[in-house]
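Notes for the one structure printed next.
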Amino acid sequence: MEGSSFVSTHTDEVPPEAPQYTGRMVVAVDGPSGSGKSSVCRAAATTLGAAYLDTGAMYRAATWYCLEQEVDLDDHKAVAVAVEELPLNISTNPDHQVITVGESDVTAAIRVALISEKVSQVATNPEARALLIAAQRAIIDREGFIVAEGRDITTVVAPDAQVRVLLTASAEARLRRRGAQLGGTQDDEALRRQVLDRDTKDSAASNFTVAADGVAVLDSSELSFQQTVDSLISRVQLAQGARS
Ligand SMILES: Nc1ncnc2c1ncn2[C@@H]1O[C@H](COP(=O)(O)OP(=O)(O)O)[C@@H](O)[C@H]1O
Ligand SMILES: Nc1ccn([C@H]2C[C@H](O)[C@@H](COP(=O)(O)OP(=O)(O)O)O2)c(=O)n1
């Protein structure tokens with residue numbers, strides 16, 4: 001399974017103006033829905049000149065593909081077979097996130113409410129998880145310096161990462177942020193399903209509510225977006241300093 005080749009990535013260069021850190025470093029960030037993982041990690045990766053991996057996008061793309069192939073998401077074996085053949089390509093450039101499945105650009109399609117409501121069925125499928133985790137490890141190993149985020153990066157995918165952070169925020173802050181991010185298109189009930197109910201389902205597959213040993217908690221509830229980004233960056237710079 002290690003080095004699984006069904007997922008490839010665009011080999012875009014990191015921004016030329018970014019300061020380059022030449023050592024190997026993995027920055028692992030986990031947290032619940034709406035805590036700010038994707039936006040904070042992308043911004044931090046850009047500033048640091050690191051690659052960026054959105055593992056949630058991989059689960060979302062797998063879900064999109066299963067629905068496209070009319071796979072019954074309750075059929076565990078069929079979902080695993082679909083994920084094994086998933087022709088996924090995910091960008092690791094924080095400034096240019098493009099996700100394709102075969103010839104289809106699914107970058108926007110994987111964010112729609114239907115995918116948010118179904119994705120846990122794929123994320124809680126152990127065989128599908130094992131395949132996607134192997135692909136994530138291969139991408140992380142290939143990049144010298146990467147910020148990877150999801151639900152099990154600090155604990156399962158890259159427990160030996162040099163920087164390990166659990167990014168949290170209150171349920172109220174997460175619902176408010178997701179509502180704003182979706183432009184007020186979702187009613188309260190739909191938002192709760194997409195944020196809180198999904199967290200409950202996803203908790204069956206990984207622990208992202210309590211920090212594991214050696215994982216630092218970064219609570220963004222009372223922080224501005226930039227303060228949250230700066231806090232993550234300073235943890236990375238501290239680790240870089242400790243290594244040089
Ligand atoms: N203090 C903050 N920290 C992180 N994100 C914040 C903050 N305040 C507002 N946000 C916003 O919350 C929204 C949800 O963040 P996102 O990165 O999609 O979360 P996740 O990937 O954890 O689901 C984004 O639009 C982000 O800009
Ligand atoms: N490492 C990961 C990343 C995501 N998942 C699952 C859990 C989530 O419901 C989906 C989608 O993740 P994503 O990070 O896009 O979710 P949000 O940005 O929080 O809405 O994938 C996972 O099980 N393990």
Side-chain angles (χ1 to χ4, degrees), residues 1-3 19 21-59 92 94 120 123-124 126 129-171 173-174 198-223 225-244:
M1 195 93 69
E2 196 62 38
Y21 174 74
T22 51
R24 283 194 75 78
M25 178 159 298
V26 178
V27 180
V29 178
D30 290 324
S33 181
S35 58
K37 300 179 300 295
S38 304
S39 49
V40 168
C41 290
R42 231 178 20 242
T46 296
T47 302
L48 291 161
Y52 162 72
L53 180 62
D54 178 352
T55 61
M58 296 172 73
Y59 287 94
T92 53
S120 300
T124 52
R129 280 199 87 76
L131 287 161
L132 290 171
I133 287 170
Q136 290 156 13
R137 286 184 178 145
I139 295 169
I140 290 169
D141 283 350
R142 194 200 59 212
E143 300 286 348
F145 179 22
I146 187 165
V147 182
E149 51 95 359
R151 302 290 190 287
D152 60 349
I153 313 305
T154 61
T155 52
V156 176
V157 176
D160 53 354
Q162 287 76 17
V163 179
R164 296 159 78 212
V165 170
L166 182 70
L167 181 59
T168 63
S170 65
R174 295 188 290 112
R198 183 148 57 86
D199 282 346
T200 304
K201 290 181 200 153
D202 293 334
S203 300
S206 47
N207 167 31
F208 51 85
T209 49
V210 178
D213 275 356
V215 176
V217 176
L218 170 50
D219 185 343
S220 67
S221 308
E222 305 294 327
L223 300 180
F225 174 75
Q226 196 53 48
Q227 284 172 325
T228 313
V229 174
D230 290 345
S231 174
L232 180 62
I233 289 173
S234 45
R235 287 160 205 258
V236 176
Q237 288 172 336
L238 205 64
Q240 287 174 337
R243 300 187 98 204
S244 57

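- Qualifying side-chain contact (heavy atoms from CB on, under 4.5 Å) partners for Ser120, counting only residues two or more places apart in sequence or in other chains: Arg198, Lys201, Asp202.
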**Prompt:** Between Val156 and Ser206, does a side-chain contact (heavy atoms from CB on, under 4.5 Å) hold up when you go through it step by step?
**Reply:** CA-CA 9 Å; Val156 176; Ser206 47; 6.0 Å; no
**Request:** Kindly indicate, with the supporting measurements, whether the criterion side-chain contact (heavy atoms from CB on, under 4.5 Å) is fulfilled by Thr154 and Val29.
**Result:** CA-CA 6 Å; Thr154 61; Val29 178; 6.0 Å; no
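- Smallest separation of non-hydrogen atoms from Thr168 and Asp219: OG1-CA, 3.4 Å.
- Side-chain atoms of Lys37 do not come within 3.5 Å of backbone N or O of Gly150 as any donor-acceptor pair.
- For Ala173, the side-chain contact (heavy atoms from CB on, under 4.5 Å) partners two or more places apart in sequence, or in a different chain, are Ala169, Ser170, Arg176, Arg177.
- No side-chain heavy atom of Met58 sits under 4.5 Å from any side-chain heavy atom of Ile133.
- Residues passing the side-chain hydrogen bond (donor to acceptor under 3.5 Å, both in side chains) test with Gln136: none are found, sequence neighbours excluded.
- At a threshold of 4.0 Å, the pair Arg164-Asp30 does not count as salt-bridged, since none of the basic side-chain nitrogens sits closer than that to a carboxylate oxygen.
- Side-chain contact check for Phe145 versus Gln240: some heavy-atom pair is nearer than 4.5 Å.
- Judged as a side-chain contact (heavy atoms from CB on, under 4.5 Å), and not counting sequence neighbours, the contacts of Ser203 are Phe208.
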**Request:** Could you check Tyr52 against Ile146 for side-chain contact (heavy atoms from CB on, under 4.5 Å), going step by step and ending with a plain yes or no?
**Result:** CA-CA 5 Å; Tyr52 162 72; Ile146 187 165; 5.8 Å; no
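- Side-chain contact between Arg129 and Asp152 is present, with at least one heavy-atom pair separated by less than 4.5 Å.
- The minimum heavy-atom distance linking Ala45 with Ala51 is given by the pair CB-O, 3.8 Å.
- For the pair Thr155/Asn207, no side-chain contact is recorded, criterion being any heavy-atom separation below 4.5 Å from C-beta on.
- Side-chain contact between Val27 and Met25 is present, with at least one heavy-atom pair separated by less than 4.5 Å.
- When all heavy atoms are compared, the tightest approach of Leu167 to Ser35 is O-OG, 3.2 Å.
- By the neighbour-count criterion of 12 heavy atoms within 6.0 Å, atom CD of Glu222 is sparsely surrounded, having that number or fewer from other residues, nucleotides or ligands.
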**Request:** Go through the steps to decide whether Val26 and Glu143 satisfy the test side-chain contact (heavy atoms from CB on, under 4.5 Å), and finish with yes or no.
**Result:** CA-CA 9 Å; Val26 178; Glu143 300 286 348; over 6 Å; no
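- Applying the salt bridge (Lys or Arg N to Asp or Glu O under 4.0 Å) test to Arg174 and every residue at least two apart in sequence or in another chain returns Asp199.
- Residues Arg235 and Ser231 meet the side-chain proximity criterion, which asks for heavy atoms closer than 4.5 Å.
- In this structure the side chain of Gln237 reaches within 4.5 angstrom of the side chain of Leu48, judged on heavy atoms.
- Of the inter-residue distances, the one linking Gln227 atom CD with Leu218 atom CG reads 10.5 Å to the nearest 0.5 angstrom.
- When only modelled atom types and interatomic distance are considered, Ser38 and Glu149 share a side-chain donor-acceptor pair under 3.5 Å.
- Applying the side-chain contact (heavy atoms from CB on, under 4.5 Å) criterion to Ala57, with sequence neighbours excluded, gives Asp54, Ile90, Ile99, Ile110, Arg111.
- Counting heavy atoms from C-beta on, the side chains of Val165 and Val215 never come closer than 4.5 Å.
- Scanning both residues, Ile139 and Thr92, for their nearest heavy atoms gives CG2-CG2, 3.7 Å.
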